[in-house]
There are 2 protein chains.
Amino acid sequence: MEGPTNISDVIEKYLKGILAEAEQVEIRRSDIADQFNVVPSQINYVIKTRFTIQNGYIVESKRGGGGYIRIEKVNLLADADVLDSLLTDVVGDSINQHDAFAIINSLFNDGVLKEREANIILAAIDKDTLNVADRDVENTLRARILIGVLNRLRFED
Amino acid sequence: MEGPTNISDVIEKYLKGILAEAEQVEIRRSDIADQFNVVPSQINYVIKTRFTIQNGYIVESKRGGGGYIRIEKVNLLADADVLDSLLTDVVGDSINQHDAFAIINSLFNDGVLKEREANIILAAIDKDTLNVADRDVENTLRARILIGVLNRLRFED
DNA sequence: CAATCTTTGACTAATATTGACTATATTATA
DNA sequence: TATAATATAGTCAATATTAGTCAAAGATTG
């Protein structure tokens with residue numbers, strides 16, 4: 001019944017309309033801001049809230065002359081739901097090395113990760129690699145890395 | 001969408017186009033500057049920002065009559081010494097996201113990393129993933145993860 | 001009314017462009 | 001051969017051109 005009620009939704013729909021036709025959109029932030037009569041930083045808000053990796057978008061940008069913001073749509077993989085439930089149920093906002101290793105190991109056993117891929121992740125979240133004095137900080141950081149990596153693996157590219 | 005709208009990107013692409021065909025490219029700075037209608041020092045800027053060792057290039061030059069700038073592509077897979085010095089000198093104990101991304105991209109281009117492997121590493125060292133308040137701490141952590149991961153891959157082979 | 005989402009703008013950071021000045025190598029000339 | 005003239009490239013800082021961050025204010029929703 002009702003259309004979009006705020007300008008952020010309008011901008012979101014505009015960009016997604018383009019992405020329905022093309023692989024990616026490349027904009028000049030101030031152009032879009034002018035077009036919808038909003039301040040430039042609102043474009044960042046729209047992107048941060050509506051074009052996340054969880055939703056299947058990858059965003060790249062460059063400042064300076066000829067700068068741009070590029071939004072790319074990426075496709076969900078078959079394993080996406082496995083990774084998704086793992087993320088919401090198991091990882092949380094803190095995870096110790098033992099539990100994290102078990103997750104990666106099971107993903108390897110299930111064929112979601114190749115051996116080299118698993119080894120890369122294990123190296124990245126190893127406690128000696130992170131080398132953080134505080135155990136809680138270490139576990140929080142490990143959770144963030146795991147979430148970032150597994151979210152990325154939900155998509156192809 | 002559109003191509004680059006800044007002249008530095010255009011010059012970069014021109015030079016990389018030549019390097020796609022040849023082992024190296026040798027230019028006279030003022031020729032290229034004239035060709036693209038920029039001041040000569042902009043050629044130095046393009047080289048300094050886009051043909052660094054972390055991008056996989058080595059640059060040599062000579063001044064005076066018959067002077068030149070020569071850009072050579074190095075293969076990090078073939079040249080273990082270059083990779084070594086790159087990790088020691090460029091990564092060291094701190095590295096920002098921009099430089100780290102350039103290194104991973106080079107390793108992918110040279111066949112050291114597969115695309116999925118590169119994406120995993122990029123996700124792990126992304127500043128939003130690490131989400132550390134202090135920039136120095138973030139860069140230190142990124143360096144440890146990068147070195148930890150690459151060393152793990154190295155022992156594999 | 002409390003929580004959440006949106007809008008705004010001041011401030012920050014990154015990148016690109018330009019030109020004056022410096023450094024170095026080669027060539028011409030005394 | 002020594003020196004001067006010429007022909008290169010390098011450095012650096014000022015300015016211009018973008019995008020990013022953050023927090024306060026305002027609006028909406030449950």
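The sequence lines fix the lettering, A, B, ..., with proteins before strands; numbering per chain opens at 1.
- Rounded to an integer number of Å, the gap from B:Glu12 CD to C:dA16 C1' is 13 Å.
- Here the nucleotide nearest the side chain of B:Arg28, chosen from D:dT8, D:dT18, C:dT17, is D:dT8.
- Salt-bridge formation is not detected for the pair B:Asp126/A:Arg152: no Lys NZ or Arg NE/NH1/NH2 atom is positioned less than 4.0 Å from an Asp or Glu carboxylate oxygen.
- In the set C:dA16, C:dT18, D:dT11, C:dT18 carries the atom at the smallest distance from any side-chain atom of B:Val38.
- No contact: A:Ile43 has no heavy atom under 4.0 Å from any strand.
- The interatomic distance linking A:Asn6 (CG) with D:dG26 (C1') rounds to 13 Å, in whole Å.
- If you take CZ of A:Arg50 and P of C:dT4, they are 17 Å apart, rounded to a whole angstrom.
- Spacing between atom CD of B:Gln42 and atom P of C:dG19 amounts to 11 Å, rounded to whole angstrom units.
- In this structure, B:Asn139 places its CG atom 14 Å from C1' of C:dA13, rounding to the nearest Å.
- Note on B:Arg135: a side-chain N or O is less than 4.0 Å away from OP1 or OP2 of C:dA14.
- Rounded to an integer number of Å, the gap from CG of B:Asn44 to C1' of C:dC21 is 14 Å.
- One finds no salt bridge joining A:Asp81 and A:Arg154 here, because no Lys/Arg side-chain nitrogen approaches an Asp/Glu carboxylate oxygen to under 4.0 Å.
- Here B:Ser61 reaches the OP1 or OP2 of D:dG10: one of its side-chain N or O atoms lies under 4.0 Å away.
- Positionally, the nearest nucleotide of DNA chain D for B:Glu60 lies more toward the 5' end than for the other of A:Ile47 and B:Glu60.
- Not a single donor-acceptor contact under 3.5 angstrom links the side-chain atoms of A:Ser41 to the base of D:dG20.
- Side-chain nitrogen and oxygen atoms of A:Lys62 include at least one within less than 4.0 Å of the OP1 or OP2 phosphate oxygen of C:dA16.
- Among the protein residues, A:Gly67 comes within range of the sugar-phosphate backbone only, with heavy atoms under 4.0 Å from sugar or phosphate atoms but none that close to a base.
- Between B:Asp34 and B:Arg28 no salt bridge is recorded (no basic side-chain N to carboxylate O distance below 4.0 Å).
- In this entry the distance linking OH of B:Tyr68 with P of C:dT26 reads 9 Å, nearest Å.
- The CZ-P distance, from A:Phe36 to C:dT6, rounds to 16 Å in whole Å.
- Using a 4.0 Å cut-off between charged side-chain N and carboxylate O, B:Lys114 and B:Glu117 make no salt bridge.
- When each of A:Ile69 and B:Gly64 is assigned the nucleotide of DNA chain D with its nearest heavy atom, B:Gly64 is the one assigned upstream, toward the 5' end.
- Geometric assessment of B:Lys73 against the ring of B:Phe51 yields a negative cation-pi assignment under the 6.0 Å and 45° thresholds.
- One cannot find a donor-acceptor pair under 3.5 Å joining the base of D:dG10 and the side-chain atoms of B:Arg63.
- OP1 or OP2 of D:dT21 has at least one side-chain nitrogen or oxygen of B:Lys127 nearer than 4.0 Å.
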